[in-house]
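Here the structure is laid out as structure tokens; the discussion comes afterwards.
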Amino acid sequence: MADKQQEFVQLVGEIKAHHCSLRAGCLQAVPGDGNIDSPVVFIGEGPGKVEDELGRPFVGPAGKLLEEALSGIGWSRSDVYITNVVKCRPPENRDPLPAEVEEHKPFLERELALIKPKLIVLLGRHALHWFLPAEKISQIRGTAKRRGEQVFFITYHPAAALYDPKLKTTLMSDFKKIPTLLVTLDQLSSPVSPPLPSQPSIF
Ligand code: URA
């Protein structure tokens, strides 16, 4: 466990020290944070203004909504790990360019390799397209998808739901599926648990 923590500290240091093409236009790189032993990782797009100022992911208005959605299922941000596709704020919060996403790819890969989450929650289309480029958020949100060893749950980005009460309701009800999905994944991976004939298929 100490090794895992050490490796995480090393990774955070590398992310902070890395000078990517976005770095000149932002205040600092924003590594993921939270519980590195969590079975669930939440992935957003990239830091916004407040995140850039404070050096932590999802601490601005979208972060407040993410915390509200987590609290709706009895969780807090310290229970889970939260990160982004790109670790530096794109100018004026524009979409990250493919080359910028590519440049930051090893960091997200290393975060996931270290944490080995049972479930990866993709917040919005940038996170979705990082893993499942052919999928459309409007068609796939609210569902789980398996790719090899990785299991994803897809929902809207909290920022999209900030000023749209309908999207917020959908986001909140999507979140309600996450704990059950996690229990199902635990049961499926447990060598002692019997098959689950009554369990509806989630994939
Ligand atoms: N939006 C994101 O995608 N990530 C953050 O950290 C903040 C806002």
Side-chain angles (χ1 to χ4, degrees), residues 8 11-12 14-16 18 20-23 25-36 38 40-72 75-112 115 117 119-133 135-138 140-142 152-164 167-168 170-172 174-175 178:
F8 181 63
L11 176 57
V12 166
E14 285 182 43
I15 292 172
K16 286 185 175 168
H18 181 73
C20 68
S21 50
L22 289 169
R23 190 65 182 76
C26 68
L27 296 174
Q28 58 186 316
V30 179
D33 82 356
N35 180 358
I36 59 169
S38 173
V40 190
V41 165
F42 289 77
I43 304 178
E45 175 183 334
K49 186 172 186 299
V50 184
E51 289 77 17
D52 186 39
E53 284 163 5
L54 301 182
R56 287 184 75 203
F58 282 99
V59 286
K64 296 280 164 293
L65 188 50
L66 176 59
E67 285 185 24
E68 192 182 327
L70 287 171
S71 123
W75 295 357
S76 73
R77 63 177 294 146
S78 57
D79 294 324
V80 300
Y81 186 82
I82 300 172
T83 191
N84 283 302
V85 167
V86 294
K87 314 303 190 209
C88 291
R89 181 190 183 207
E92 306 303 321
N93 294 348
R94 65 152 168 76
D95 289 351
L97 303 172
E100 292 158 357
V101 170
E102 200 55 36
E103 207 176 346
H104 285 242
K105 198 171 185 179
F107 293 136
L108 184 51
E109 283 174 344
R110 284 171 63 190
E111 286 172 295
L112 295 176
I115 296 168
L119 181 64
I120 299 171
V121 180
L122 304 177
L123 301 168
R125 67 190 164 91
H126 289 280
L128 171 63
H129 290 156
W130 202 91
F131 294 94
L132 306 167
E135 302 289 351
K136 286 205 165 68
I137 188 118
S138 54
I140 200 178
R141 64 129 281 282
F152 307 102
F153 180 75
I154 300 103
T155 188
Y156 291 128
H157 192 290
L162 269 178
Y163 305 105
D164 185 332
L167 283 198
K168 182 174 173 185
T170 307
L171 181 74
M172 295 294 166
D174 281 353
F175 265 65
I178 295 174

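We're numbering straight along the sequence, starting at 1. Atoms within each ligand, like the ligands themselves, are counted from 1 in listed order. The analysis underlying the following values was restricted to heavy atoms, covering all of them including side chains, and did not include hydrogens, waters or symmetry mates.
A tilted orientation is assigned to the rings of F152 and F131, their planes being inclined by 30° to 60°.
Residue E109 qualifies as enclosed at atom CD: its count of foreign heavy atoms under 6.0 Å is above 12.
When side chains are defined from C-beta on, W130 counts as touching K105, because their heavy atoms get closer than 4.5 Å. For the pair R141/L171, no side-chain contact is recorded, criterion being any heavy-atom separation below 4.5 Å from C-beta on. The closest side-chain heavy-atom distance from L22 to P91 is below 4.5 Å. L70 has its side chain out of reach of D79: every pair of non-hydrogen atoms, C-beta onward, lies at least 4.5 Å apart.
Between K49 and E53, at least one side-chain N (NZ, or NE/NH1/NH2) sits under 4.0 Å from a carboxylate O, which counts as a salt bridge.
For ligand 1, the polar-atom distance check against A62 finds no nitrogen or oxygen pair separated by under 3.5 Å. Note: no N/O pair closer than 3.5 Å links G44 and ligand 1 by distance alone.
Looking only at heavy atoms of the protein, atom 5 (C) of ligand 1 is closest to G46 O, 3.4 Å.
Across I43, N84, L66, T83, heavy-atom proximity to atom 4 (N) of ligand 1 is greatest for N84.
Near P57, meaning under 4.0 Å from any of its heavy atoms, are these atoms of ligand 1: 6 (O). Atoms of ligand 1 found under 4.0 Å from any heavy atom of H157 (numbered from 1 in listed order, with element): 1 (N), 2 (C), 3 (O).
Residue E45 touches ligand 1 through backbone and side chain together, judged by heavy-atom distances below 4.0 Å.
Within the structure, the closest approach of A159 to ligand 1 does not fall below 4.0 Å when heavy atoms are considered. At a 4.0 Å cut-off, not a single heavy atom of H126 sits close enough to ligand 1 to count as contact.
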